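Model, not experiment: these values are computed from the prediction.
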Amino acid sequence: MAPPHHGMAGIAMSRGLGYMAESSAKAALIALALLVALAPFVVLFFNSLRPADEFLAQGAGLIPSRLTFEHYAEIFDPNGDTFRYVINSLIITTASTILAVLFGALASYALARLQLPFKLSIIIGILFLVIRFYPKITVALPYFLLMREFHLLDTHLAVIIAHVSMTVPFVVWMLLAFFEDFPRELEQSAMIDGCGPIRRFVLIVIPLMAPALAAAAVLTAFLSWNEFLMASTVAPNAAKTLPVRISGFITDKGILWGSMSAMSTVIVVPVALFALFTQRYLARGLTVGAVKG
């Protein structure tokens with residue numbers, strides 16, 4: 001019969017091996033997920049540095065034989081319009097995000113606080129969700145005709161209105177649960193002190209809901225920055241955004257793969273950096289209310 005301490009040592013060693021195996025399996029799964037997620041972007045980046053004559057060459061590997069910045073020089077030609085497209089995208093994304101979060105927060109707060117009969121709040125919330133996921137191609141032509149009627153074609157405002165109409169339902173559906181879980185006692189205390197609805201919303205609710213609002217703003221900015229269909233429908237020239245510009249590299253002479261890859265990289269890099277710097281707010285916002293005390 002082995003001494004007791006030998007048995008305890010065996011158990012500890014077995015647990016240690018099990019923990020190491022579990023950690024190794026998790027690390028392998030994370031590495032696999034990163035490989036699947038990042039591989040297309042790595043290929044995209046190398047294609048942006050690939051010489052133009054290699055795209056149609058047989059036997060060309062994933063990594064180009066030599067690196068060139070000719071495609072970036074082409075898209076950032078001082079006589080070109082790339083900087084104007086960047087400014088257009090920044091203006092439209094910023095304005096759309098601010099308006100969508102503002103209107104979405106007001107709407108979701110109202111739905112969470114109004115005592116509507118027949119569970120109308122739930123029905124309205126579901127309608128917002130349906131509006132968020134219906135095919136946008138079905139309203140592209142009516143929206144084009146509407147903007148033409150109001151003489152707003154090819155303006156920032158036309159694209160902003162389109163993006164806000166698409167992102168407000170998303171913001172409402174995202175924030176509705178957070179506002180429903182918000183402690184009403186805090187608002188009732190403010191009411192006793194004489195705060196009206198607007199002051200309660202601005203001074204009490206908004207500061208405490210800042211993480212959720214920040215998460216909604218980050219995701220809304222992503223949606224607006226990457227949106228193509230509605231922007232291409234109503235802003236083909238002066239108010240053209242970066243995603244719309246990419247389609248311009250499909251010409252009657254063929255597809256300009258190098259320039260398209262370079263422009264796609266230009267679009268992806270700001271989004272990746274933005275996600276990197278805002279991941280803390282995004283994680284906090286998506287977990288607000290998940291743990292109740």
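- In terms of modelled atom types and a separation under 3.5 Å, the side chain of Glu227 and the main chain of Met230 share a donor-acceptor contact.
- Between atom CG of residue Leu145 and atom CZ of residue Phe150 there is a gap of 12.0 Å, rounded to the nearest 0.5 Å.
- In this structure, Tyr143 is a member of the same hydrophobic cluster as Leu141, with clusters built from ILVMFWY side-chain heavy atoms closer than 4.5 Å.
- Taking the side chain as every heavy atom from C-beta outward, Val266 and Phe76 approach each other to under 4.5 Å.
- Considering all non-hydrogen atoms of both residues, Phe249 and Met260 come closest at CD1-CA, 3.8 Å.
- When all heavy atoms are compared, the tightest approach of Arg148 to Leu153 is CB-CD1, 3.6 Å.
- Checking side-chain atoms of Ser96 against main-chain N and O of Thr93 turns up no donor-acceptor pair under 3.5 Å.
- In plain terms, the two heavy atoms of Gly248 and Thr251 that are nearest each other are O-CG2, 3.7 Å.
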Let's go through Arg50 and Thr68 carefully: what are the C-alpha distance in whole Å and the side-chain angles of both, what is the deciding distance for side chain to side chain contact (heavy atoms under 4.5 Å, CB included) to 0.1 Å, and is it a yes or a no? CA-CA 6 Å; Arg50 185 187 300 273; Thr68 176; over 6 Å; no
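- A pairwise comparison of heavy atoms in Ser259 and Ile75 identifies O-CG2, 4.0 Å as the closest pair.
- Rounding to the nearest 0.5 Å places CG of Leu242 at 5.0 Å from CD1 of Ile267.
- Looking only at distances, a side-chain donor or acceptor of Asn88 sits under 3.5 Å from a matching main-chain atom of Ala238.
- For Arg199, there are no salt bridge (charged side-chain N to carboxylate O under 4.0 Å, His left out) partners, not counting sequence neighbours.
- Here Thr82 contributes atom OG1 and Glu74 contributes atom CD; the two are 9.0 Å apart, rounded to the nearest 0.5 Å.
- Each of Phe41 and Phe222 belongs to its own hydrophobic cluster when Ile, Leu, Val, Met, Phe, Trp and Tyr are linked at side-chain heavy-atom distances under 4.5 angstrom.
- For Phe69, the CZ atom sits in a loose shell: 12 or fewer heavy atoms of surrounding residues, nucleotides or ligands are nearer than 6.0 Å.
- Using a 4.5 Å cut-off between side-chain heavy atoms of Ile, Leu, Val, Met, Phe, Trp and Tyr, with links allowed through other members, Leu67 and Trp257 fall into the same hydrophobic cluster.
- A donor-acceptor distance shorter than 3.5 angstrom exists from the side chain of Ser247 to the backbone of Val244, with no hydrogens or angles considered.
- Without hydrogens or angle criteria, Thr220 side chain to Ala216 main chain gives a donor-acceptor distance under 3.5 Å.
- One N or O on the side chain of Ser232 and one on the backbone of Leu229 form a donor-acceptor pair closer than 3.5 Å.
- When atom types are taken as modelled, the side chain of Asn47 and the backbone of Ser261 share no donor-acceptor pair closer than 3.5 angstrom.
- The distance from the CZ atom of Arg245 to the CG atom of Asp81 is 8.0 Å, given to the nearest 0.5 Å.
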CA sep, side-chain torsions, deciding dist, call: Val171, Val168, side chain to side chain contact (heavy atoms under 4.5 Å, CB included): CA-CA 5 Å; Val171 176; Val168 163; 5.6 Å; no
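- Using a 4.5 Å heavy-atom cutoff, the side chains of Leu213 and Leu175 are in contact.
- The hydrophobic clustering, which links ILVMFWY residues whose side-chain heavy atoms are closer than 4.5 Å, places Tyr85 and Leu90 together.
- There is no side-chain donor-acceptor pair under 3.5 Å between His71 and Ser48.
- Side-chain atoms of Ser108 come within 3.5 Å of backbone N or O of Ala105 as a donor-acceptor pair.
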Verdict with supporting geometry, Tyr109 and Val205, side chain to side chain contact (heavy atoms under 4.5 Å, CB included): CA-CA 9 Å; Tyr109 178 72; Val205 178; 3.9 Å; yes
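- Note that the CE atom of Met209 and the CZ atom of Phe201 stand 9.0 Å from one another [nearest 0.5 Å].
- In this structure, Met166 is a member of the same hydrophobic cluster as Met174, with clusters built from ILVMFWY side-chain heavy atoms closer than 4.5 Å.
- Summarising the geometry of Ser224 relative to His163, their closest heavy-atom pair is OG-ND1, 2.8 Å, with the distance given to 0.1 Å.
- Without hydrogens or angle criteria, Glu149 side chain to His151 main chain gives no donor-acceptor distance under 3.5 Å.
- Contact check for Phe170 versus Leu223: side-chain heavy atoms found under the 4.5 Å cut-off.
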Test side chain to side chain contact (heavy atoms under 4.5 Å, CB included) on Tyr72 and Leu49 and set out the steps. CA-CA 8 Å; Tyr72 289 98; Leu49 300 176; 3.7 Å; yes
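- Across all their heavy atoms, Val164 and Pro169 have their closest contact at O-CD, 4.4 Å.
- Judged purely by atom type and a 3.5 angstrom limit, Thr94 has no side-chain atom pairing as donor or acceptor with the backbone of Ile91.
- We find the CZ-CG distance between Phe179 and Leu106 to be 8.0 Å, quoted to the nearest 0.5 Å.
- Within 6.0 Å of the CD1 atom in Ile198, the count of heavy atoms belonging to other residues, nucleotides or ligands does not exceed 12.
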